[in-house]
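Here's the structure we're looking at; comments come further down.
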Protein chains: 2
Amino acid sequence: MASASRWHAVAQVLAALLRRPDATRAEIARELGLTSGFATELTARMRELRLITEVRAPVHGRGRPTTVLAPHPEGPVVLAVELRHADYAVSVATVDGRLHGTRRRPHRQRRPEAVVQALRRTVGRARDRYGHRLRAVSIAVAATVHDGRVVQASTLGWGEVDLTAVLQDPPAGVRDLAFLVGNDATLAGVAEARTGAATGAGTALHLIVEVGIGGCLTVDGFPLTGAHGAAGEYGHLPFGSRGRRCPCGARGCWDLDVDGRALARHLGEPSPADPYGYAVEVLRRAADDVRARRAVGAVARALAGGIAGLVNVHDPGVVTLGGLGPAIRLGAAEAFARAYADGLIAYRRVAPPPVVDAAHAEWGPLRGAAIVGLDRALGEEFLGAWAAR
Amino acid sequence: MASASRWHAVAQVLAALLRRPDATRAEIARELGLTSGFATELTARMRELRLITEVRAPVHGRGRPTTVLAPHPEGPVVLAVELRHADYAVSVATVDGRLHGTRRRPHRQRRPEAVVQALRRTVGRARDRYGHRLRAVSIAVAATVHDGRVVQASTLGWGEVDLTAVLQDPPAGVRDLAFLVGNDATLAGVAEARTGAATGAGTALHLIVEVGIGGCLTVDGFPLTGAHGAAGEYGHLPFGSRGRRCPCGARGCWDLDVDGRALARHLGEPSPADPYGYAVEVLRRAADDVRARRAVGAVARALAGGIAGLVNVHDPGVVTLGGLGPAIRLGAAEAFARAYADGLIAYRRVAPPPVVDAAHAEWGPLRGAAIVGLDRALGEEFLGAWAAR
DNA sequence: ATGATTATCCTCGTGACACGAGCATAATCC
DNA sequence: GGATTATGCTCGTGTCACGAGGATAATCAT
């Protein structure tokens with residue numbers, strides 16, 4: 001309990017605003033079932049708290065004009081970060097979910113210490129600029145994350161890395177600065193579920209093919225993170241041939257059947273050093289090279305068959321496909337469709353969930369990081385700290 | 001909103017009581033962080049509402065004695081039903097989650113109409129006896145459930161069956177009688193997560209081997225039901241050999257590698273008409289029959305390998321094993337353990353989630369049905385209707 | 001232009017919810 | 001039998017949210 005309801009209404013309004021930016025006060029009141037009187041009081045309180053401002057809304061028909069809810073110029077912000085193989089992206093998110101000042105920069109060095117150092121400076125600048133307005137630092141990283149720590153990042157060539165070092169500060173000042181670390185595919189799934197191709201889907205499955213395959217199951221826009229936040233390693237389901245050993249240590253991992261390594265195998269070529277780039281190359285060639293096309297077909301079947309199995313298990317309303325997924329499917333549309341239908345339990349074939357391309361492309365993880373950061377920063381517990389600042 | 005907080009505290013107390021029956025008022029107040037004053041007021045209100053009674057608690061040390069919260073003798077109840085191949089079970093659950101008058105009866109006939117008819121009478125008797133006290137009818141059924149309807153029940157020999165017919169009543173009277181239908185394995189998973197071997201686990205995976213394999217992933221005691229309530233068909237993940245066609249229409253389903261049919265295949269015998277009974281028989285023989293033991297070993301490996309893959313994906317805190325699962329593991333403990341470890345991503349081998357036997361055995365589904373029924377009946381929305389009766 | 005219509009905003013009275021402080025009560029411990 | 005401890009009870013206070021009724025600002029119709 002502990003004044004559970006204290007920030008409930010405020011948090012609801014902020015969540016609604018995050019779902020669709022530029023909502024008007026009247027729209028939100030309708031959506032949440034607020035009386036106009038309460039809406040008045042609530043928005044006034046939120047203005048007072050420097051959470052939002054209200055500006056006159058463009059008029060659409062009869063009736064007294066309402067206002068659009070917008071982020072307060074001195075309102076809370078979240079620093080979203082994405083960490084990839086060759087570069088990192090940074091952005092500042094406001095309460096409406098919009099990203100500001102987004103930029104991507106190559107790593108100067110890829111050593112963990114150097115990257116952490118660069119991020120530490122970035123965070124430091126953000127704290128200098130935003131002060132107490134900065135409520136959360138949320139990092140999406142192309143790595144396995146376990147209990148908030150990176151345990152392995154093969155594309156980055158990292159082992160265990162503790163990213164909390166990017167905060168550096170005396171713990172006292174960090175009391176109300178949340179720090180979140182999440183897997184990039186997981187966060188891309190969140191982005192799809194909230195503002196992408198799976199918006200409104202209830203249960204949605206997002207899968208992303210890069211080197212191997214990662215993903216995320218979301219329920220009402222929230223990711224299943226598991227006991228240690230390490231859920232989503234879809235590539236290590238044993239959908240493949242038992243005979244193949246995966247670098248992860250297990251056998252028959254799906255990973256090995258759906259990416260550049262699989263394409264090389266089908267083409268009788270040696271396993272590529274850069275499976276992603278190799279896959280892009282083969283996919284391009286497939287347009288007029290029969291052998292490449294055939295290899296893509298085999299991979300498309302492996303991909304679709306696995307997706308069908310996951311649909312059997314999770315019963316998602318929609319499946320979104322990121323990374324190389326759309327290209328693989330496009331390169332062998334018929335094979336993909338047939339393998340998908342073939343892998344479904346008979347009765348699911350009547351109305352199988354659509355498999356659609358992801359909407360956010362390469363910005364999914366960054367956007368997802370922003371969203372979960374805002375979820376935290378605008379949650380009921382954290383609003384108390386904001387008001388007390 | 002709509003008076004969102006109105007029943008919040010009451011629902012919290014009831015949820016706490018469901019988590020551990022016989023909790024004292026003081027314990028619950030501590031757990032929920034209530035002040036003693038508010039606890040007094042709240043319990044008084046709940047007594048008034050005929051939700052609970054309070055009886056003097058046995059004294060354990062110094063201090064003023066407190067009271068134990070118990071179901072009110074005229075309080076709400078839920079009718080829980082389990083529907084299986086050969087029989088059905090019925091029980092009445094009170095707000096503390098206890099089951100009363102539990103009994104199991106063989107079907108007189110297995111035709112859907114006959115079973116529905118029998119259940120309709122059972123529900124009718126319960127309504128006569130409990131009147132408005134009956135708040136929900138919650139059915140666990142050994143079948144695929146889609147949008148609240150049975151679409152397929154191979155063990156029962158049913159196709160599509162609409163179980164809402166067990167209610168029969170004029171819709172007017174049913175306004176505040178909830179009707180829930182769920183898959184038996186899903187509900188067994190709920191029971192394990194709430195009051196069984198996975199209590200307190202956050203994310204937990206329950207798997208049950210009977211004919212094929214079903215299961216459920218729970219998060220904080222709530223099952224992932226998917227977009228249509230049809231999640232949990234773990235047996236139809238393509239973990240097996242692509243060459244084997246499953247009766248479900250897909251290929252390589254895990255189902256075919258972990259039950260009596262798999263044992264028969266390994267023993268070179270024809271596929272059994274009753275895979276469950278056949279498996280029980282083989283498992284018994286395995287004690288002194290080397291060939292049977294070897295077959296069990298193969299099945300144990302297939303089971304453990306699949307579980308490892310699912311652990312990779314879902315990152316559960318614990319895996320619970322029901323049905324024939326414990327016996328299969330016991331019959332080939334070493335093979336199981338090795339295959340489990342082998343199938344995990346390397347870093348997960350450091351502290352893999354324990355795989356434990358389910359606690360509820362054959363009563364899991366019934367108990368799970370009771371729990372989800374109570375969740376509904378004691379939820380914030382439904383309490384309003386109870387107070388207004 | 002002017003009134004009708006419509007949608008929204010604002011004010012105010014009311015009641016429920018929950019906290020906190022202080023006191024009362026009932027057990028054990030010494 | 002008093003000290004200690006844990007809990008229950010009473011009461012004053014502040015916050016939350018509803019509902020009714022009136023005010024306001026736009027479009028629509030004539």
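Numbered from 1 within each chain, the chains take letters A, B, ... in sequence-line order.
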- request: Round to a whole Å and report the spacing from CZ of A/Arg47 to C1' of C/dC9.
  value: 11 Å
query: Has A/Arg25 got a side-chain N or O lying under 4.0 Å from the OP1 or OP2 atom of C/dC10?
result: yes
- request: Measure the spacing between CD1 of A/Ile28 and CG of A/Leu34 and express it to the nearest 0.5 Å.
  value: 9.0 Å
message: Using a heavy-atom cut-off of 4.0 Å across all strands, would you classify A/Gly61 as base, sugar-phosphate, or nothing?
response: sugar-phosphate
- prompt: Between C/dG15 atom C1' and A/Phe38 atom CZ, what is the distance in whole Å?
  reply: 15 Å
query: Does the A/Arg135 side chain pair with the main chain of A/Val78, one donor and one acceptor, at a distance under 3.5 Å?
result: no
task: Look at the side chain of B/Ser138 and the backbone N and O of B/Ala369, then say whether any donor-acceptor pair between them is shorter than 3.5 Å.
output: yes
field: CD1 on A/Ile371 to CG on A/Leu99, rounded to 0.5 Å
entry: 8.5 Å
task: Ignoring hydrogens and angles, answer whether the base of D/dC9 and the side-chain atoms of B/Ser36 contain a donor-acceptor pair closer than 3.5 Å.
output: yes
- request: Taking B/Arg194 for its side chain and B/Gly221 for its backbone only, find out whether a donor-acceptor pair lies under 3.5 Å.
  value: yes
- prompt: Between B/Pro65 and A/Arg45, which is nearer to the 5' end of DNA chain D once each is assigned its nearest nucleotide?
  reply: B/Pro65
message: Just to be sure I understand the rule, does A/Thr66 reach a base, reach only the sugar-phosphate, or reach nothing, if contact means heavy atoms closer than 4.0 Å?
response: sugar-phosphate
- prompt: So, is B/Arg6 near the phosphate of C/dC17, with a side-chain N or O under 4.0 Å from OP1 or OP2?
  reply: yes
message: Heavy atoms from C-beta onward define the side chain here; which of C/dC19, D/dG8, C/dC9 lies closest to that of B/Thr35?
response: C/dC19
field: Passing option when B/Met46 is tested against B/Leu17, B/Leu69, B/Val13 for side-chain contact (heavy atoms from CB on, under 4.5 Å)
entry: B/Val13
query: To the nearest Å, how far apart are B/Leu34 CG and C/dC19 P?
result: 7 Å
field: Nucleotide C/dC9, atom P - distance to CD1 of A/Ile28 in whole Å
entry: 11 Å
message: Taking B/Ala377's backbone N and O only, do any of them form a donor-acceptor pair with B/Trp386's side chain (distance below 3.5 Å, no angle check)?
response: no
Interface with DNA chain D, restricted to residues 49-59 of chain A and to heavy atoms under 4.0 Å: A/Arg56, A/Val59
message: Heavy-atom nearest nucleotide on DNA chain D for A/Arg62 versus A/Glu41: which residue maps closer to 5'?
response: A/Glu41
query: Start at the 5' end of DNA chain C and walk down; is the nucleotide closest to A/Gly63 or to A/Gly37 reached first?
result: A/Gly63
- request: Return the value, rounded to whole Å, for the distance between atom CG of B/Leu383 and atom P of C/dC17.
  value: 12 Å
Between D/dT7 (C1') and B/His60 (NE2): distance, integer Å: 15 Å
statement: Here the distance between atom P of D/dA17 and atom CG of A/Leu32, to the nearest Å, is 11 Å
query: Looking only at atom types and distance, does a side-chain atom of B/Glu192 sit under 3.5 Å from a main-chain N or O of B/Ala197, one as donor and one as acceptor?
result: yes
Residue B/Arg64, side-chain atoms from C-beta onward, closest of D/dC9, C/dA18, C/dT8: D/dC9
- request: Looking only at side-chain atoms of B/Thr40, point me to the closest of D/dA17, C/dT8, D/dG8.
  value: D/dG8
message: From CD of B/Glu48 over to C1' of C/dA16, roughly how many Å is that when rounded to an integer?
response: 16 Å
message: Side-chain N or O of A/Arg30 versus OP1/OP2 of C/dT8: is the shortest distance under 4.0 Å?
response: yes
